[in-house]
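Residue numbers count from 1 along this sequence.
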Amino acid sequence: VSFVILGRLLQPADFGLMALAIFFVQFIRLFQEMGFGQALVQKKQIASLDFNSAFWFTSGVGFSLFIILEIGAPWIANFSHNPSIEPLLHLLAVIFILDSLRVVPNAVLTKEFSFKYITLANVIGALAYALVAIPLALKGQRVFSLVWGFISSSFFITILIFIFSKWRPGFAYSWNNCRQLMRFGLNLTGAAFFNYLANNLERFFLGRYLGSTALGIYHFCARLINLPRIMISQNIGKVILPAFSLVQDNPVKLKQGYLSLFKSLSYLSFFLMSFLALTADLWIPGIFGQKWIPAVWPFRILIFSGLLSTIGSPLGNTYLAKGKSHISLLINIIMSVVAVLIYSLFTQWGLMAVCWGAVIYRIINFGLNLRFSAGVVKAGVREHLVVLAKPFLGIGEVVVLTVTLRLLLKLTFLDNWPLINLIIIFLANLVGGWIFFKIVEKGVEEKIKPILKAFGRVCLGPRTKRSKIVINFISLLCH
């Protein structure tokens, strides 16, 4: 909801400046936690000295990074060819201090499986973002409304995580304890470093060479595509790794489960994303305003990247389930090099070329993951293509139905009501998609029900209470 409101109030250039500033902030952020949070969760025998040492170490690192960014902001702005981001970086530097203070309390909650408190803190943080950013945007603060919203969100999340964890730091400190935690954490930091570069480098090239407006449009499209991708792949992804880990010693069951999930994700992704692409010219300007019309075709191109990202989400979990995490690091290193080559080349031809570059990047990434994953689950490329055949036919059904309905609606008085057109086309595709399922997939209900039940258990958890459902619903609306 806040994204829609801010999208109507602000300009693409505002989102572009914020995206470029956040690119540098998040890059520096990689060296802040240094994997201490995961190390504290992973370590079986842990003492209070570990928590205290980690807290003071990460707090010191956070304060040091705050000073580094404050001093380096002019250089970063000059390097990025965007002097306008300098005041943004000066403000956003405080994020390092706020985030460092919650590393240990967050690890405490995670170790105690108190995820509901982490969720609640993030929901309130999202509400704080909206309550700060929207009024400032209405007052004409433009990109600074996004900055202050981001800082407010981080502030409230940190305070609440501290309160919910009930853990308070002592004054004890041991460098030896920090060093032990760091051994585990540095490996994670290295993997996160290459993963971040591989998946975000295009934002730097866009902001530096094509300007904040082009980056704003790209960031806007990527965020729209991420919404359904996160709903589909990341939530189901919470089930994948533990489920695959249970059958890692049974190759037949692992292969069957993997291919079934791959097919289910393909159906969901192909139907939803093809519909969004075909109707983008209706819902993007209808919801976000006419100034976002230039985002329609970049969105339609980037949807291919979103498709591959979604259906490829089970691939990485197969070798993680088998304990082969080094494959993930290797792929991220390779893709970092590929990202530099693709985006440095495609940027010179403009925004649309960068979008196609993102699709090429995702194809290469999907191919690499498929190659390594196929070796783990013993499922070749041909088997993957066979699985994709019927879902791919579903795209044809969506295309034919959507195009036909749009042509028919143009002959009626409803042609001047794009959102009503969108609702009619959506409902028709819902019915058409179900009929398609019934025709091409016999017994589809029996195949989908277990997946939906697993998805529901992950989203709502066992013994779900009404308040928890409300929390998840509000979280979805705020984001």
Side-chain angles (χ1 to χ4, degrees), residues 221 224-234 236-237 240 255-280 297-318 355-356 358-374 377-407 425-448 451-452 455:
C221 295
L224 287 176
I225 292 168
N226 273 336
L227 289 174
R229 185 183 68 81
I230 290 171
M231 289 171 64
I232 295 172
S233 64
Q234 286 194 5
I236 294 180
I240 299 173
K255 180 179 177 179
Q256 289 175 345
Y258 162 74
L259 289 176
S260 296
L261 183 62
F262 186 77
K263 188 173 189 176
S264 300
L265 285 174
S266 299
Y267 268 123
L268 285 169
S269 304
F270 285 9
F271 272 93
L272 178 60
M273 296 208 176
S274 56
F275 167 77
L276 290 174
L278 289 166
T279 58
W297 276 105
F299 176 85
R300 284 172 167 165
I301 296 171
L302 288 171
I303 207 80
F304 293 106
S305 174
L307 270 173
L308 290 172
S309 180
T310 304
I311 65 174
S313 59
L315 298 176
N317 285 285
T318 55
C355 292
W356 283 115
V359 175
I360 294 171
Y361 166 87
R362 190 57 61 184
I363 291 171
I364 297 171
N365 182 263
F366 181 79
L368 278 174
N369 275 290
L370 184 61
R371 167 69 182 82
F372 284 108
S373 179
V377 297
K378 310 301 179 186
V381 175
R382 180 178 294 180
E383 288 179 273
H384 284 85
L385 292 176
V386 170
V387 169
L388 286 174
K390 290 179 180 179
F392 190 77
L393 285 175
I395 294 180
E397 179 269 325
V398 175
V399 170
V400 171
L401 186 56
T402 301
V403 171
T404 302
L405 279 173
R406 293 199 65 172
L407 289 173
I425 295 169
F426 175 75
L427 293 175
N429 272 289
L430 210 58
V431 175
W434 182 249
I435 294 172
F436 178 84
F437 268 126
K438 298 288 283 187
I439 293 173
V440 303
E441 290 282 355
K442 293 182 179 180
V444 67
E445 297 93 339
E446 286 71 21
K447 294 180 181 180
I448 288 181
I451 295 174
L452 291 178
F455 182 74

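- The CG atom of Leu278 sits 11.5 Å away from the CG atom of Leu405 when rounded to the nearest 0.5 Å.
- To the nearest 0.5 Å, atom CZ of residue Phe271 and atom CD of residue Glu397 are 5.0 Å apart.
- Between Leu276 and Phe299 the shortest side-chain heavy-atom distance falls below 4.5 Å.
- For the atom pair OG of Ser309 and CG of Asn365, the computed distance is 8.0 Å after rounding to the nearest 0.5 Å.
- Scanning all heavy atoms of the two residues, the minimum distance from Gly432 to Leu401 falls at CA-CD2, 4.3 Å.
- Between Val398 and Phe436 there is no side-chain heavy-atom pair separated by less than 4.5 Å.
- Residues satisfying the side chain to side chain donor-acceptor pair (under 3.5 Å) test with Thr402, not counting sequence neighbours, are Asn429.
- Scanning both residues, Val359 and Ile301, for their nearest heavy atoms gives CG2-O, 3.3 Å.
- Residues Thr279 and Phe426 are not in side-chain contact: their nearest non-hydrogen atoms beyond the backbone lie 4.5 Å or more apart.
- Minimum interatomic distance between Leu302 and Cys221 (heavy atoms only, all atoms of both residues): CD1-CB, 3.8 Å.
- The aromatic rings of Phe270 and Phe392 stand perpendicular to each other, their planes meeting at an angle above 60°, with 30° marking the opposite boundary.
- Between Thr404 and Val400, the shortest heavy-atom distance links the atoms OG1-O, 2.6 Å.
- Met273 approaches Gly306 most closely through the heavy-atom pair SD-C, 3.8 Å.
- With rounding to the nearest 0.5 angstrom, the CZ atom of Phe304 is 5.5 Å from the CH2 atom of Trp356.
- How far CG of Leu430 is from CD1 of Ile425: 13.5 Å, rounded to the nearest 0.5 Å.
- Heavy-atom minimum distance, Leu388 versus Ser266: CD2-OG, 3.2 Å.
- Expressed to the nearest 0.5 Å, how far CH2 of Trp434 lies from CD1 of Ile439 amounts to 12.0 Å.
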